[in-house]
Amino acid sequence: MKKLVLLLSFFISANALSQILSSNLEKKTLALGEVNRFTVKIDNLNNQEVKAAPKDELLPFHFEEIKDSIGIQPDSYQRNIEFSVFEEGTYTIPELEFKVGDRVLKTIPYEIEVVNTAQKGDVINDIMNNKDVKLDVIDYWQLYKWYVLGALALIALIIAIIMFVKYGRRSKDSPIVATNQTLKELDSLRKKKYIEDGNYRSFYVELIDISRKFIAKQYRIPADVLLTDDLIHLMKENNTISQDNEKIIEDVFFRGDLVKFAKTFPNQQTMEKDFNEIKDFVKRSSKDIEFENLRKDV
């Protein structure tokens, strides 16, 4: 009998000294965004410290914690958490650990179902009526200035592209550019000293090649593919090149053909004369272009 009394006394004393953990979940079914409350309480602390997850970090990430309050007394610990869930589905509050001294206490897990209570066709009313706000010009400018500036920048870019396509390419193909380029090629030919060395064949081959490319570019005549007879005939029909320039081209080109087939052997004076006349023709070509433009305008 004494042993039974002692065992009963020991059991009562152990329960009186041990900590008791309890937890409570207010609702197990929630609507989207609805607030729920979860409470954890530990009794019989006897001034022992309770260690748990930091504030606002106790629940898993699916749960949006709104409020996390902790109440501590010498003999009790209570934690009240308000939370919401914003996605449909079934979620679990797992076992949560609370360490009291050397003991680890755990809550029981809870399962929560989150549902969307809104029905198709439901009328959603605003909490507050819309307000009419009067905006000044400066307000509209602040709202739409970046759109306006972006539109202006786009227009400026389009105009710049059009100007470049219309005038940029034209400047590269202008008579002055073609003239200067050909004069440089003639100077390079002169520096080869074909005239001084009596190398008449190489001289006339390169001179006529330079001249043909120039005529094709400057006058839009396919001089680089036509035979000399056909080229002279086309120039006279086209009437784009002045008669003086036509005469120079005719004489030099026919002489060049004779040299190419070894039917004539020009001297240094003739080569010098042909070179200078072609060079003068290139320099005067811009006048032919100006005259042709005036003729088209009329």
Side-chain angles (χ1 to χ4, degrees), residues 159-298:
I159 293 173
I161 293 172
I162 293 173
M163 296 292 287
F164 174 77
V165 171
K166 189 174 182 180
Y167 299 105
R169 293 182 179 177
R170 183 179 298 176
S171 63
K172 292 181 181 179
D173 297 333
S174 66
I176 296 175
V177 173
T179 298
N180 291 338
Q181 180 63 34
T182 304
L183 290 175
K184 289 179 181 179
E185 293 176 4
L186 289 172
D187 288 340
S188 298
L189 172 61
R190 192 73 176 82
K191 291 176 182 178
K192 293 179 180 179
K193 295 186 179 182
Y194 290 149
I195 298 175
E196 291 83 351
D197 297 339
N199 190 351
Y200 46 82
R201 193 175 188 283
S202 296
F203 170 75
Y204 277 100
V205 168
E206 292 192 26
L207 179 65
I208 292 174
D209 183 57
I210 292 171
S211 302
R212 283 180 177 277
K213 288 192 296 183
F214 174 73
I215 293 169
K217 189 172 185 179
Q218 191 80 311
Y219 295 97
R220 302 294 191 270
I221 295 174
D224 50 345
V225 295
L226 291 175
L227 298 174
T228 301
D229 289 334
D230 295 332
L231 174 60
I232 300 303
H233 179 71
L234 181 61
M235 284 194 302
K236 290 180 178 180
E237 277 191 350
N238 189 276
N239 200 27
T240 300
I241 303 175
S242 65
Q243 291 182 353
D244 292 338
N245 288 336
E246 282 180 5
K247 185 67 171 65
I248 291 171
I249 295 168
E250 186 175 359
D251 290 346
V252 175
F253 277 38
F254 277 130
R255 191 167 12 261
D257 287 347
L258 292 173
V259 170
K260 186 185 298 183
F261 296 106
K263 294 182 179 181
T264 187
F265 306 96
N267 55 30
Q268 184 174 337
Q269 184 179 359
T270 302
M271 295 166 67
E272 194 79 49
K273 175 177 173 294
D274 287 345
F275 178 84
N276 290 330
E277 285 187 344
I278 289 294
K279 191 171 185 178
D280 290 339
F281 153 65
V282 172
K283 291 179 179 178
R284 293 193 305 267
S285 65
S286 57
K287 293 183 179 180
D288 289 340
I289 302 299
E290 291 175 1
F291 176 78
E292 178 65 16
N293 291 337
L294 288 173
R295 186 168 68 84
K296 287 180 179 179
D297 292 339
V298 173

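Bear in mind the structure is a predicted one, so any value in this text is a computation, not a measurement.
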Can you name the closest pair of heavy atoms from K279 and L186 and give their distance? CA-CD1, 3.9 Å
Going by heavy atoms in the side chains, are K192 and N199 under 4.5 Å from each other? no
Do Y200 and T264 make a side-chain contact, defined as non-hydrogen atoms from C-beta onward lying under 4.5 Å apart? no
Could you tell me whether the side chain of I208 reaches within less than 4.5 Å of the side chain of T228, counting heavy atoms only? no
Decide yes or no on side chain to side chain contact (heavy atoms under 4.5 Å, CB included) for D229 and H233, but give the supporting numbers first. CA-CA 6 Å; D229 289 334; H233 179 71; over 6 Å; no
Heavy-atom nearest pair, I249 first then M235, reads CG2-CE, 3.7 Å
Determine whether a donor-acceptor pair (N or O, by modelled atom type, separation under 3.5 Å) exists between the side chain of N180 and the backbone of I176. yes
Considering all heavy atoms, the nearest M271-F203 contact: O-CZ, 3.5 Å
Partner of T179 by side-chain hydrogen bond (donor to acceptor under 3.5 Å, both in side chains), out of R284, Q218, K283, K217: Q218
Looking at CD1 of I195 and OG of S202, how far apart are the two atoms once the value is rounded to the nearest 0.5 Å? 12.5 Å
Output for pair (E277 CD, I248 CD1), nearest 0.5 Å, gives 5.0 Å
Do R190 and F275 form a cation-pi contact, if we require the NZ or CZ to be under 6.0 Å from the six-membered ring centre and within 45 degrees of the ring's axis? yes
CG/L207 to CD/E185 distance, rounded to the nearest 0.5 angstrom? 11.5 Å
Rounded to the nearest 0.5 angstrom, the CG-CG distance for D224 and L231 is 9.5 Å
With rounding to the nearest 0.5 Å, note down the distance linking NZ in K273 to CD1 in I278. 10.0 Å
All heavy atoms of I215 vs all of F253, minimum pair found to be CD1-CZ, 4.2 Å
Would you say the side chain of L258 lies within less than 4.5 Å of the side chain of P266, judging by non-hydrogen atoms? no
Taking the side chain as every heavy atom from C-beta outward, state whether T270 and R255 have any pair of such atoms under 4.5 Å apart. yes
Can you confirm whether K247 sits close enough to D251 that some side-chain heavy atom of one is under 4.5 Å from a side-chain heavy atom of the other? yes
Distance-minimising heavy-atom pair for V259 and R201: CG1-CA, 3.8 Å
Hey, are D187 and K191 close enough for a salt bridge, meaning a charged N less than 4.0 Å from a carboxylate O? no
In terms of heavy-atom contacts, K236 and E250 come closest through NZ-OE1, 3.7 Å
